[in-house]
Amino acid sequence: MYVSVKEPDLDVTESGSAPVSFIFKNVMENSLRYLQINPDKEATAPLKVNEIPDWAGKETEAFVNELKEAGIRPVVIGDGSKITKVSLEQGAKLTSSQKVFIATDQLKMPDMTGWSFRDILLFKDFMNLDLEWVGSGYIVKQSVEAGASFNENDYLMVELEQPNNIEESEDSSEEKEETG
């Protein structure tokens, strides 16, 4: 279903999606009732929200283990034992699908293959990188190879592709290898 509202009359505190969601909800509920489609009775598990613990004075490995135990998947930037900064403040709340970046005293470029555009923008802001990109979707190539040393404010170029394009390009490269 597609719903749009041209020039909605909104209150100052009302978002632009309010009239659209109101229309969508009513039409969808009535349509499902008319089609005699009952709502699912399955209970959905509540979204688990984690909190960033204090990292001051902790070594990288100990802090990473603490995050993993809490269900947080950190992205460690480097292989140093000292943490120089963390992308989220102590006490910040995040879900298991969000990335938290941990910069160490010996920066190494992470493998960004498969990262979303949003992830790379967060990484760019965290590391103050001069970023350029080509395409949209998910990262398939990066100009600074994974594991290479880099510094804040360095230049980084990434290439992104849509998921269906990634599969097609992998299939065609496999065909080229087979045919030689």
Side-chain angles (χ1 to χ4, degrees), residues 13 15-18 20-21 24-25 39-167 169-170:
T13 59
S15 74
S17 64
V20 172
S21 62
F24 178 86
K25 181 178 183 280
D40 290 339
K41 300 294 181 196
E42 296 176 25
T44 56
L47 185 62
K48 186 176 181 200
V49 177
N50 298 301
E51 200 170 289
I52 297 292
D54 183 21
W55 58 273
K58 292 183 182 171
E59 294 215 353
T60 306
E61 187 176 343
F63 185 61
V64 166
N65 289 336
E66 187 177 350
L67 291 175
K68 286 180 179 177
E69 286 174 15
I72 300 170
R73 297 176 303 147
V75 176
V76 181
I77 304 164
D79 53 12
S81 61
K82 293 182 182 176
I83 299 170
T84 57
K85 64 181 180 174
V86 176
S87 63
L88 296 171
E89 300 281 327
Q90 175 190 348
K93 296 182 183 334
L94 74 157
T95 64
S96 61
S97 63
Q98 291 176 283
K99 285 188 173 37
V100 59
F101 299 110
I102 302 170
T104 70
D105 55 342
Q106 295 174 18
L107 296 175
K108 303 278 186 204
M109 185 62 69
D111 181 2
M112 295 178 276
T113 306
W115 285 17
S116 68
F117 186 64
R118 178 178 181 223
D119 292 337
I120 191 63
L121 290 179
L122 292 171
F123 181 68
K124 169 195 130 3
D125 290 342
F126 179 61
M127 297 308 300
N128 301 313
L129 296 174
D130 178 14
L131 176 71
E132 283 190 51
W133 65 90
V134 174
S136 63
Y138 297 88
I139 297 178
V140 292
K141 291 182 185 174
Q142 60 191 73
S143 64
V144 179
E145 68 181 61
S149 295
F150 78 102
N151 296 306
E152 288 193 44
N153 302 312
D154 277 359
Y155 171 80
L156 175 65
M157 173 74 172
V158 294
E159 183 178 325
L160 299 105
E161 288 185 11
Q162 293 296 320
N164 55 352
N165 293 345
I166 294 170
E167 292 169 8
S169 65
E170 288 174 357

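Predicted, not measured: the structure shown is a model, and the values here were computed from it.
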**Message:** Test of understanding: with salt bridge (Lys or Arg N to Asp or Glu O under 4.0 Å), list the residues that count as partners of K82, not counting sequence neighbours.
**Reply:** none
**Request:** Keeping to residues at least two apart or across chains, list the salt bridge (charged side-chain N to carboxylate O under 4.0 Å, His left out) pairs with something in residues 95-122.
**Result:** K99-D119
**Message:** Once salt bridge (charged side-chain N to carboxylate O under 4.0 Å, His left out) is applied, what residue pairs with a partner in residues 57-66 remain, sequence neighbours excluded?
**Reply:** K58-E66
**Asked** Which class fits the ring pair F150 and F123: parallel under 30°, tilted 30 to 60°, perpendicular over 60°?
**Response** tilted
**Prompt:** Is a donor on one side and an acceptor on the other found under 3.5 Å between the side chain of E161 and the backbone of V140?
**Reply:** no
Interatomic distance, [X] atom [atom1] to [Y] atom [atom2] [nearest 0.5 angstrom]:
{"X": "M157", "Y": "W133", "atom1": "CE", "atom2": "CH2", "answer": "10.0 Å"}
{"X": "L131", "Y": "D154", "atom1": "CG", "atom2": "CG", "answer": "12.5 Å"}
{"X": "T60", "Y": "I83", "atom1": "OG1", "atom2": "CD1", "answer": "4.5 Å"}
{"X": "Q106", "Y": "D79", "atom1": "CD", "atom2": "CG", "answer": "5.0 Å"}
{"X": "W115", "Y": "L122", "atom1": "CH2", "atom2": "CG", "answer": "9.5 Å"}

**Asked** Can you name the residues that form a side-chain hydrogen bond (donor to acceptor under 3.5 Å, both in side chains) with E51, not counting sequence neighbours?
**Response** K93
Side-chain donor/acceptor pairs under 3.5 Å, residues 67-77, sequence neighbours excluded:
residue	atom	partner	partner atom	Å
R73	NE	S96	O	3.3
R73	NH2	S96	O	3.3

**Asked** Is the number of heavy atoms from other residues, nucleotides or ligands within 6.0 Å of NZ (K85) greater than 12?
**Response** yes
**Message:** I'd like to check the side-chain contact (heavy atoms from CB on, under 4.5 Å) partners of V144; sequence neighbours left out, ordered by chain and number.
**Reply:** M109, A148, L156
